[in-house]
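Here's the structure, in structure tokens; my notes come after.
Keep in mind that what you see is a predicted model, and the values were worked out from it rather than measured.
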Amino acid sequence: MRIGELSERTGTSRRLLRYYEEQGLIVAGRCANGYRAYDEYNVDRVVQIRGLLDAGLPTRIIKQILPCLDKPRVIYFSDATPEMINTLEHERDRMTERIACLIRNRDAIAGYLDAVRGDNRPEVAARETSLTS
């Protein structure tokens, strides 16, 4: 597929796709006319990259761990240095903190919505009136 189709299917701009390619995160073949040609595999790979970026990982770390995330999930990292392990542990801990923050924010919004909806929905008001009568 060409870059435009990959962009549409992943919701990622063409500029970002070219950047991912420059960073070695995705690989494109070339057609006879010089256009980039992407395999179907790249759709999932771009979605995976976007998720890792959204989680706060920098592209240099993503590039190192992408091979471990391929299917089948055979994780073999013969060249994992203590520095890389520390970096990955740090990134994992940062993700855990972000997840906890997102959960707190989600729960606060849900509580707010419950309170607002509870006061304004006729069936709730009728039920509360019948309980106090």
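Counting heavy atoms from C-beta outward, Thr10 and Asn42 have side chains that stay 4.5 Å or more apart. The closest side-chain heavy-atom distance from Arg45 to Leu66 is below 4.5 Å.
The closest donor-acceptor contact from the side chain of Arg98 to the backbone of Asp54 lies under 3.5 Å.
Pairing each heavy atom of Met1 with each of Glu5, the nearest pair is CB-OE1, 3.3 Å. Between Ala37 and Cys31, the shortest heavy-atom distance links the atoms CB-SG, 3.8 Å. Closest non-hydrogen pair, Ile26 versus Leu17, comes out as CD1-O, 3.6 Å. Closest approach of Val27 and Tyr38 over heavy atoms only: O-CD2, 4.0 Å. Looking at every heavy atom in both residues, Arg14 comes nearest to Ile3 through O-CD1, 3.7 Å. Here the closest heavy-atom approach between residue Met84 and residue Ile65 is recorded as CE-CG2, 4.3 Å.
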**Report entry** Worked verdict on Leu52 versus Ile61 for side chain to side chain contact (heavy atoms under 4.5 Å, CB included)
**Finding:** CA-CA 10 Å; Leu52 292 168; Ile61 300 294; over 6 Å; no

Report task. Please lay out, stage by stage, how Arg9 and Val46 fare under the test side chain to side chain contact (heavy atoms under 4.5 Å, CB included). Result -> CA-CA 10 Å; Arg9 291 183 59 190; Val46 169; over 6 Å; no

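Atom CG of Leu6 and atom CZ of Arg2 lie 12.5 Å apart (nearest 0.5 Å). For the atom pair Leu53 CG and Tyr20 OH, the distance stands at 5.0 Å (nearest 0.5 Å). Separating the OG atom in Ser7 from the CZ atom in Arg15 is a distance of 13.0 Å, to the nearest 0.5 Å. Taking CG of Leu16 as the start and CD of Glu22 as the end, the distance is 10.5 Å to the nearest 0.5 Å.
Pairs passing the side chain to side chain donor-acceptor pair (under 3.5 Å) check and including a residue from residues 84-94, sequence neighbours excluded, read Glu91-Arg94.
Hydrophobic clustering of Ile, Leu, Val, Met, Phe, Trp and Tyr side chains at less than 4.5 Å, counting indirect connections, keeps Ile62 apart from Ile99. Hydrophobic clustering (ILVMFWY, side-chain heavy atoms < 4.5 Å, transitive): Tyr19 and Leu57 are in one cluster.
Arg50 and Thr12 are linked by a side-chain donor-acceptor pair at a separation below 3.5 angstrom, with hydrogens and angles left out of the test.
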